[in-house]
Amino acid sequence: MGGLFCNRRAVLTEKFRKIESLPDLNADYSVMTVGSLVHQWLQKALRENVCTLSDVIKLLDDILRSKDTIDYLYASEMSLADCRKRMMEYAPKIFEFIQHYIIGNKQHHISNLKNNFQGRINNIQDIEETIYIPQLGIKGRIDVTAEVNINSRRKIMPLELKTGRASYSLEHKGQVILYLMMMGFINQDIDTGLLLYLKENAMQEIKSRHHEKRDLILLRNTLAHYFTKQPEDLRSINSESDLKAMELPEPINHHSACSRCSYQTLCCAYLARDPNANLSLSHPLTALLKEVQDNIEIRHLDYIMKWIALLQLEESCENNSSLSSVWTTSPEKREAKRTCICNLKIVGKVIKQEHRYQHKFARVNIKEETIENSVLGGTFTEDNYIIVSTDARVNIAAGYIMHVSYDIVKVLLDKDITQLYANSMFHIDKYPSTGLSTFNYANVAGLLNNDEIYVKLRRIVIDRSPATFVEKLPRSVVSVSARIISDLNENQQRAVLKAVAAQEYVLIKGMPGTGKTQTLVALIELLQELGSSVLITAHTHSAVDNILLKLLERNIDFLRLGSTKQIHPLLTCKNEEFALASCDSPEDLETLYNSKHIVGVTCYGAYHALLRRRSFDVCVVDESAQIMLPTVLRPLYSARKFILVGDPDQLPPIIKNKTAAKLGAGESLFVRLDSDNNTINLWKQYRMNRRIMRLANETTYRGKLVSGNKQIENATLTGTNMEQVLSSCERWVRSTLSRNLDDSVVVLNTGRTYNLNVESGSRDVILDQTYSNIWEVAITLRLVQVLTEAGVCARNIGIIAPYNHHINLLKKVIDKEVEVNTVDQYQGRDKDVILYSCTKSVESDTKKEFEILDDQRRLTVAITRARHKLIIIADKITLLRYVPFKNLFDVIEEKNVINLQDGEEDFSWKSLIRRIDNCDKEFKG
């Protein structure tokens, strides 16, 4: 496509495209903003058959009043008045285009333009048509798909809109030719397209020749080579020295193209580590390359490139669930793999909701054996991003699931698909998002920035520069703090004051039950009283909301960023959608955003424009020990000081690629910076009684945890009818639920359940017990039934299991009031009694690396959720293969291990299984 097209930039854009969300990026977005809005304007005018100038202008004002546009203008730092003024230049052009090409009223100065298109547009077939052609390995979105009349012949043509001056450049023509090639596979009559420059209403018909098609395919193949080669090449990595960041194409040599490129620093960072890079003195990147080499130390570059390579490894694992199966596998087979809901018809009317369209799909020819595997399989849930395909076309529209039931699926799509495909058979596929990986790439690349805040973070993150503290807090600070921290213990008070005294950063290690949230809330209130702005962030929505709910109780004002559906209902009055309802301009938006001194958002939500345009005094990061290091960087770029809160002995970051985990991808920033100088420990706990706390101390915390008071230390399980119910129970149940303090931790050893086979109803119950275990379900059900009968509130009972499959079995028979969840979902939660169903029972097992049961930190989370009673249900022989469980069983006294055997202590497997059959809820083995 010519020398100006930079393959190197194309590859970097694909990986780092969220880099524009970083603060202090010196880019003028106004041209791009106006261009994007003009696209919407013309497309909307064509879709709604607008034909008068006054209606064209009214349409513009409607667009400018929309919340999406106001958000967009705020992000672009562009005023409403300036945007309208610049867009108004296009009003007569849009009117003239419609009059000339749609209505047929020939405008003199349009028709006289040299080589201008002489035909007429009869009909707009589609707007932003998505087109995927696997034969070419190309996908795209066409601005306008038009039916035209030229030389008394009707034909379909793609129309590509440009808002700048007419250039008919090779890049622009190449874009139209690519559309022609793709559309040619669907309709062989499509051989020409339209290229429109709206600023001058210059529009020409573009034809494609063989050599142009050939060159474009060669270009596509070159890019595909760089996009796809890394996962294959990285398989043999065994050590950090083997890690290499992605290979890039050669840089182009063009001054204007390189000077305007937003990836120039990143491009030079690659060149600085390339031993074969040999730029001429006149090359536009030579000066910038020297600047990068002078300002960024080699070890810093090495660290950044190491992380880019680690992210590539992790991404290669995530991309295993790619879209390729949409082309290579039938809808029925995709449904069997739970990635598709197939054979759907549209029922009822399509309902327009602002800029989206609600569709209702009904299942056709439902077969009993496929229902649970598809819709009821639980893999499709509300807010899943999906694509809709027909038997003939892949991805005709995209959107989000609103509701899934037995035979109905409601989705919100970006277009009304009934206009072209009303009678088709539809298939809904999950769309694997790459947004999180590009987010992390961009965060790592941010460390290359040479503004003060980035240079400081480079030294902290890469060099581990130690935290420093003011020697003595001013008397005024001590005076203000006295009232706010008076309810905290001395340990917590010290943590709050140390955080205030920190000059760059500090770590707060919150061990289980030590009042971490209470400490954080007091710290945030104190920071607000001292006039500091605070950004509150965490890995999950629930962790952010837990802090904000406490602030709400104290009548402290804040703004919660993020989707309304994702946040706690009690925070509706503080969420972004509610707060911005009265904002009619980007100026209003800026005023409101700047008035909020406390803002809450997840780390992944931190690409919000507010964080690029504002800098906070302090960023507080909860759950920081379980956040991947690149992920936590984004909110830190928007603050002058940060406070990491977490527990490195609990859940780590989730790393799917084993090689990446082995080479350090699981090292959180908290773990990287944790030291005696940098870290304040919270060790006085108010959750576990002394027996459960002792277990935690001996397996993980090396005796550091102490009880907050005698009442908590000696607490045991209580119920309104405990003694009476237990007296009539089986002896094994009475022993398990003993209220003796010394029996607060109990192991129920099921023995080798993998070889059990008990007839249940009309079927034999025997399952693979690697990831689910019906026998442990039966034990758990019986204990929960007794506990609730004994007066223990169901909400105070928790069930934890390592695998989702086992969780799904449990949820089918356990009271809905009882929380049943994985270890990961239970972090930060606690219950009076916890039943940990370890699930696995196998005859022989080859252990895999990084298996969940071999993770000490996950075991620590599981055993520290209980306040008064911890019951571990396990095949002890199987679990002794895992070091964390071997250490756990070594600590638990033998008298607290109950070996379950048929006929002993009133125990009967057959009786337990029968209880499942008699359970009111549907259960299928």
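Residues: numbered from 1 along the sequence shown. What you see is a predicted model, and the numbers here were worked out from it, not measured in a lab.
Judged as a salt bridge (charged side-chain N to carboxylate O under 4.0 Å, His left out), the pairs with a partner in residues 777-801 (not counting sequence neighbours) are, in order, Glu730-Arg782, Arg795-Glu817.
A donor-acceptor distance shorter than 3.5 angstrom exists from the side chain of Arg634 to the backbone of Ala606, with no hydrogens or angles considered. Between the side chain of Thr788 and the backbone N or O of Gln785, at least one donor-acceptor pair lies under 3.5 Å. Put simply, the side chain of Glu713 never gets that close to the backbone of Ser707: no donor and acceptor are under 3.5 Å apart. No side-chain donor-acceptor contact under 3.5 Å links Arg687 to the backbone of Thr514. Within the 3.5 Å criterion, the main-chain N or O of Thr839 finds a donor-acceptor partner in the side chain of Asn773. Glu314 places a side-chain N or O within donor-acceptor distance of the main-chain N or O of Asn657, the cut-off being under 3.5 Å.
Donor-acceptor pairing under 3.5 Å is lacking for the side chains of Thr517 and Asn546. For the residue pair Arg691/His868, the side-chain donor-acceptor check at 3.5 Å is not satisfied. Between the side chains of Asp743 and Asn896, at least one donor-acceptor pair of N or O atoms lies under 3.5 Å. Inspection of the Glu776 and Thr753 side chains reveals no N or O donor paired with an N or O acceptor under 3.5 Å. Side-chain N/O atoms of Tyr882 and Asn887 include no donor and acceptor closer than 3.5 Å. A donor atom on one side chain and an acceptor atom on the other are not found under 3.5 Å apart for Asp649 and Thr700. In summary, the side chains of Asn678 and Tyr505 do present a donor paired with an acceptor at a separation below 3.5 Å, with no hydrogens or angles considered. Residues Tyr803 and Asn808 bring no donor and acceptor atom of their side chains to less than 3.5 Å of each other. With hydrogens and angles left out, the side-chain atoms of Asn740 and Thr716 include no donor and acceptor closer than 3.5 Å.
Closest approach of Ile680 and Val506 over heavy atoms only: CG1-CG2, 4.2 Å. Taking both residues in full, the closest heavy atoms of Phe670 and Ile508 are given as CE1-O, 3.6 Å, listed atom of the first, atom of the second, then distance. Heavy-atom minimum distance, Ile655 versus Ala665: CD1-O, 3.4 Å. Val671 approaches Pro648 most closely through the heavy-atom pair CG2-CB, 3.8 Å.
Of the charged side-chain nitrogens involved, none lies within less than 4.0 Å of a carboxylate oxygen, so that Glu382 and Lys565 do not count as a salt-bridged pair.
Every residue two or more places apart in sequence or in another chain was checked for a ring pair (Phe, Tyr, Trp, His ring centres under 6.0 Å) with Phe558, and none qualifies. Partners of Thr736 according to the side-chain hydrogen bond (donor to acceptor under 3.5 Å, both in side chains) rule, which considers only residues two or more places apart in sequence or in another chain, do not exist here.
Within a 6.0 Å sphere centred on CZ of Arg690, heavy atoms belonging to other residues, nucleotides or ligands number more than 12. For Asp890, the CG atom is densely surrounded, since the number of other residues' heavy atoms within 6.0 Å is greater than 12. The 12-atom threshold is not exceeded at CZ of Arg494, counting heavy atoms of other residues, nucleotides or ligands nearer than 6.0 Å. Counted within 6.0 Å of NZ on Lys895, heavy atoms from surrounding residues, nucleotides or ligands total more than 12; the atom is thus considered enclosed.
Side-chain contact check for Leu549 versus Leu551: every heavy-atom pair is 4.5 Å or farther apart.
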Item to check | Residue pair Glu525, Arg554: steps toward the salt bridge (charged side-chain N to carboxylate O under 4.0 Å, His left out) verdict | outcome: CA-CA 9 Å; Glu525 184 176 2; Arg554 298 189 181 203; 2.5 Å; yes
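Under the 30°/60° scheme for interplanar angles, the aromatic rings of Trp909 and Phe907 are found to stand perpendicular.
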